[in-house]
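Labels below follow one simple rule: chain letters A, B, ... track the order of the sequence lines, proteins then strands, and each chain is numbered from 1.
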Amino acid sequence: MRVLPQDFYLRRPDIVARELLGKLLVRVYKGIRLSGFIVETEAYFGEEDPASRARKGGDLAMTMRGEVGIALVYGVHRQWLLNVVAHEPGNAGAVLIRAIEPFEGINMMKKLRAVNDIRNLTNGPGKLTRALAIDKRFHKRPLFLEYESLRIEQGRIVKPEEIGVSFRVNVTKDMPIPLRFYIKNSKFLSR
DNA sequence: CGCCAGATTGACT
DNA sequence: GTCAATCTGGCGG
């Protein structure tokens, strides 16, 4: 299956967040494909977004302003969270991958997470990085190249009526517009 | 180096 | 529903 091209990410983060639904997140781990369809995302903007790391300065802010289509991985509450840098030219932004529906390599994911329930495998941003063995080493790596061990592929078509929208989860200061996107009937959403 | 906030999770009332 | 363990990045000293 083909990876998404880099210019897929050269658009507003809310657009990219919505369009990422149904795409396949792929991690090649010890020669095995671990993958899942993206079912939940959140968009983050630059300075104007009170919840965005772009406000805090430093490396994360630089990364959010930099090349699109690369991973932005950072730690919160002892978890690693996976984002994709996405914004229009000259702006800043990123999309947080919040949940995926397990597809390939499910047994390996269960081992990595030490759980059996498939519904509890990748239904949260910290859970899915754990299940796919994603950590800080992937920070700033491109997700749009065929040979990379972490990448995003074409996936399946999602109809507009399947998509739900809400405010972001656990964000203390949110934007006045809803920036969380999810597939309404999915059994693999975060709580 | 110490302090602090936080885009979480899992355990528990 | 509540609560805190535990760790990273940014920043001040």
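Remark: ring of A/Y74 does not overlap the six-membered base ring of C/dG9 in a stacked fashion, as centroids less than 5.5 Å apart with planes less than 30° apart are not both met.
Residue-level contact check: A/V76 touches the bases, meaning some heavy atom is under 4.0 Å from a base atom. Using a 4.0 Å heavy-atom criterion, one finds that A/D59 contacts the sugar-phosphate atoms exclusively.
Judged by distance alone, with hydrogens and angles left aside, the side-chain atoms of A/R65 form no donor-acceptor pair with the main-chain N or O of A/G46 at under 3.5 Å.
The CZ-C1' distance, from A/R168 to B/dA7, rounds to 8 Å in whole Å. Straight-line distance from the CZ atom of A/R53 to the P atom of B/dA5: 13 Å, rounded to whole Å. The distance between atom CG of A/D117 and atom P of B/dG10, rounded to the nearest whole Å, is 12 Å. One atom, CZ of A/R78, and another, C1' of B/dA7, lie 15 Å apart when rounded to the nearest Å. As rounded to whole Å, 14 Å separates atom C1' of C/dG9 from atom CE of A/M64. The distance from atom NE2 of A/H139 to atom C1' of C/dT8 is 12 Å, rounded to the nearest whole Å. Rounded to whole Å, the distance from CD on A/Q79 to C1' on C/dT6 is 9 Å. One atom, CZ of A/R130, and another, P of B/dT8, lie 17 Å apart when rounded to the nearest Å.
Considering A/D14, A/L96, A/N83, A/I97 as possible partners of A/E42, the one that fulfils the side-chain contact (heavy atoms from CB on, under 4.5 Å) test is A/L96.
Side chains of A/S190 and A/E40: a donor on one and an acceptor on the other come within 3.5 Å.
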*Return one dot-bracket line describing DNA chain B 5' to 3' (Watson-Crick or G-U wobble pairs, both distances under 3.5 Å; ( ) same strand, [ ] crossing, | another strand, . none).*
||||||.|||||.

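Counting heavy-atom neighbours within 6.0 Å of A/I177 CD1, excluding the residue itself, gives a total above 12. More than 12 heavy atoms of other residues, nucleotides or ligands lie within 6.0 Å of CZ in A/R33, so this atom counts as buried by the packing criterion.
Taking 4.0 angstrom as the limit, A/K127 places a side-chain polar atom (N or O) nearer than this to OP1 or OP2 of B/dG10. Dashed line: the shortest gap from a side-chain N or O of A/R113 to OP1 or OP2 of B/dG10 is under 4.0 Å. Using a 4.0 Å cut-off, some side-chain N or O of A/N170 falls inside it from OP1 or OP2 of B/dT8.
Side-chain contact check for A/Y44 versus A/P13: every heavy-atom pair is 4.5 Å or farther apart. Side-chain contact check for A/L10 versus A/E88: every heavy-atom pair is 4.5 Å or farther apart. For the pair A/R2 and A/E146, the minimum side-chain heavy-atom distance is below 4.5 Å.
Counting distance only, with no hydrogens placed and no angle test, the side-chain atoms of A/R191 and the base atoms of B/dG10 include a donor-acceptor pair under 3.5 Å.
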*Evaluate the criterion ring pair (Phe, Tyr, Trp, His ring centres under 6.0 Å) for residue pair A/F37 and A/F103; output intermediate values, then yes/no.*
CA-CA 7 Å; A/F37 295 102; A/F103 180 50; 4.9 Å; yes

*asked:* Is there a salt bridge (charged side-chain N to carboxylate O under 4.0 Å, His left out) between A/D174 and A/R180? Walk through the geometry before answering.
replied: CA-CA 11 Å; A/D174 206 349; A/R180 169 175 173 256; over 6 Å; no

Pull out every protein N or O sitting under 3.5 Å from an N or O of nucleotides 11-13 of chain C, one pair per line with the distance.
from: C/dC11; atom 1: OP1; to: A/K56; atom 2: O; distance (Å): 2.8

